[in-house]
**Q** 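Before anything else, here's the structure in question.
Order of the sequence lines sets the chain letters (A, B, ...), proteins ahead of strands, with each chain counted from 1. Because the structure is a prediction, the values reported are computed rather than measured.
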Number of protein chains: 2
Amino acid sequence: MPKKLNKDASTEEKIKQAAKRLFTQKGFAETKTREIAEESGINLALLNYYFRSKQGLYNIIMKENMASFKQGLAELFGDTQLDVYQKIEKLAHYYIDEFITNPDLPMFIVNTIYMAGNDSTILEEDETSASRKIFVNQIKELVAQRKIKPIHPAHILSNMMGLIIFPFVIGPLLKKRANINDKAFVEMMKERKKLIPVWIKSMLEN
Amino acid sequence: MPKKLNKDASTEEKIKQAAKRLFTQKGFAETKTREIAEESGINLALLNYYFRSKQGLYNIIMKENMASFKQGLAELFGDTQLDVYQKIEKLAHYYIDEFITNPDLPMFIVNTIYMAGNDSTILEEDETSASRKIFVNQIKELVAQRKIKPIHPAHILSNMMGLIIFPFVIGPLLKKRANINDKAFVEMMKERKKLIPVWIKSMLEN
DNA sequence: AATTAAGTTAAACAAATGATTAAAAAAAGT
DNA sequence: ACTTTTTTTAATCATTTGTTTAACTTAATT
């Protein structure tokens with residue numbers, strides 16, 4: 001009986017890499033199987049051979065992208081050693097670096113969240129839920145201690161995520177309209193790693 | 001020679017309404033012509049009769065959505081009577097109301113901007129460009145007067161847009177994870193009309 | 001070397017999809 | 001009433017697209 005071979009190597013991984021790029025960039029419907037095949041230099045049938053279907057491949061990519069997005073989130077939010085501001089700072093640093101490396105990821109995430117409005121199953125409870133509650137409780141405590149203004153934690157979540165993710169999503173607009181080139185854009189995003197925590201602090205404090 | 005008839009009425013408008021809903025909700029590739037036909041209760045061929053092609057119809061919808069987005073933007077930004085904070089306040093009020101009424105518009109806008117990264121032609125200079133410069137100059141002046149911290153105007157643009165638009169885009173996440181129902185969500189967005197200007201002010205001030 | 005399994009390929013299939021056609025129905029003009 | 005134009009319909013076309021098949025090649029196992 002032959003055993004599985006080529007576990008590390010090429011074909012399967014090549015397909016995934018091309019698919020990741022295309023799905024992340026253009027979404028599910030706009031990405032065609034033949035495009036993935038061509039992009040990865042493999043025969044069309046191999047997509048189905050390795051991944052059963054386009055949807056199956058997409059699910060894997062989505063899972064990986066989401067894992068990449070969630071990675072560290074649970075631990076960070078759940079860490080009882082760090083205060084709210086330290087968490088925000090770490091969050092901004094981690095994700096902005098992640099998004100600079102993988103610039104299509106923000107739009108993919110946004111699309112995935114948005115689609116969850118219709119195709120629900122994606123936003124199930126997961127390992128981040130419990131730790132997010134710890135973070136939310138830290139905020140509530142600050143409010144109770146009158147250290148920050150009374151505010152619904154969802155506002156803070158929205159603001160943090162918006163300030164971190166949104167500029168990447170409207171990158172093309174900034175680049176065209178504000179005459180920012182790619183390099184300057186990256187510099188600006190790096191600046192935001194420091195600015196966002198400060199901004200949020202100013203927003204919250206009494 | 002017969003003249004054009006039925007200018008106001010049904011068929012053409014019905015197609016546009018259904019198409020607007022679908023395109024705005026699901027984007028171009030995922031929206032099928034037969035779906036538009038069914039949704040609007042018309043014969044499939046009428047789509048091509050009135051709009052030549054799916055792409056033609058999409059372009060019209062996009063133009064309208066963008067017009068709806070840009071409407072007032074130019075006048076508001078260009079208004080020399082209003083100071084920066086007054087503009088931000090008006091902006092938040094106007095767009096949040098717009099997005100509450102038309103909840104799929106934010107995602108459509110974000111998608112359109114993002115796609116412009118590849119398919120450039122959409123983000124051409126338009127009537128908003130000149131007036132945006134007026135706004136940017138007002139910011140620069142505040143910086144020069146030491147009234148606000150030195151900051152690249154693109155940061156402020158990003159932050160304003162992010163704070164206004166982003167919560168709508170991640171609505172599904174907030175609803176599921178933060179146990180916010182549709183009504184509470186709308187209330188929260190209304191709250192933001194007042195909060196966003198205050199937040200931005202705190203962020204900017206020395 | 002012979003056998004078995006895994007990987008790859010070109011071709012084809014079936015369904016989906018955007019678009020067109022030709023004929024009919026409805027509306028407008030004369 | 002008759003003609004012309006506009007609108008609508010059902011059927012069909014031509015591609016595109018996801019998937020499958022069957023043959024072929026390569027690699028592993030005995």
**Q** CG of B/Asn48 versus C1' of D/dT8: gap in Å, rounded?
**A** 13 Å

**Q** Generate the contact string for nucleotides 9-16 of chain D. Rules: B means base contact, S means sugar-phosphate contact only, - means no protein heavy atom under 4.0 Å.
**A** BB------

**Q** Does B/Tyr50 place a side-chain N or O at less than 4.0 Å from the phosphate oxygens OP1/OP2 of D/dT6?
**A** no

**Q** Within this structure, what is the CZ-to-C1' distance between A/Phe51 and D/dT20, rounded to whole angstrom?
**A**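 Roughly 18 Å, once rounded to whole Å.
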
**Q** Whether the side chain of B/Lys193 engages the backbone of B/Lys90 through a donor-acceptor N/O pair (distance < 3.5 Å, no angle test) should be reported.
**A**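 No, B/Lys193 side chain to B/Lys90 backbone: no donor-acceptor pair under 3.5 Å.
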
**Q** Please tabulate, for side-chain N and O atoms in residues 37-45 of chain A, each donor-acceptor pair with protein atoms closer than 3.5 Å (sequence neighbours left out).
**A**
residue: A/Glu39; atom: OE2; partner: A/Arg21; partner atom: NH1; Å: 2.4
residue: A/Ser40; atom: OG; partner: A/Ile36; partner atom: O; Å: 2.6
residue: A/Ser40; atom: OG; partner: A/Ala37; partner atom: O; Å: 3.4
residue: A/Asn43; atom: OD1; partner: A/Ala45; partner atom: N; Å: 2.9

**Q** In whole angstroms, how far is the C1' atom of C/dA19 from the CZ atom of B/Arg52?
**A**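 B/Arg52 atom CZ is separated from C/dA19 atom C1' by 11 Å.
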
**Q** When the aromatic ring centroids of A/Phe69 and A/Tyr95 are compared, is their separation below 6.0 Å?
**A** yes

**Q** Whole angstroms only, please: what is the CD-P distance between B/Gln55 and C/dT17?
**A**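 Taking CD of B/Gln55 and P of C/dT17, I get 17 Å after rounding.
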
**Q** In whole angstrom, what separates B/Ile36's CD1 from C/dA16's P?
**A**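 Interatomic distance, CD1 of B/Ile36 to P of C/dA16: 18 Å.
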
**Q** Less than 4.0 angstrom between a side-chain N/O of A/Thr33 and OP1 or OP2 of D/dT17, yes or no?
**A**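 Looking at the OP1 and OP2 atoms of D/dT17, neither is under 4.0 Å from any side-chain N or O of A/Thr33.
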
**Q** Can you tell me the distance, in whole Å, between the CD atom of A/Glu12 and the C1' atom of C/dT8?
**A**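 Whole-Å distance recorded here is 14 Å.
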
**Q** Just how far, in rounded Å, is P of D/dT5 from OH of B/Tyr49?
**A**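 It is 13 Å, rounded to the nearest whole Å.
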
**Q** I want to know whether B/Tyr58 and B/Phe51 have ring centres closer than 6.0 Å.
**A** no

**Q** Quick one: do A/Lys87 and A/Asp79 make a salt bridge, cutoff under 4.0 Å?
**A**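 Salt bridge absent between A/Lys87 and A/Asp79.
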
**Q** Given atom CG of A/Leu57 and atom C1' of D/dT17, what is their separation to the nearest angstrom?
**A**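 Checked: the CG to C1' distance equals 15 Å.
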
**Q** Which residue in the set B/Lys183, B/Met189, B/Lys190 passes side-chain contact (heavy atoms from CB on, under 4.5 Å) when paired with B/Val186?
**A**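 That would be B/Lys190.
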
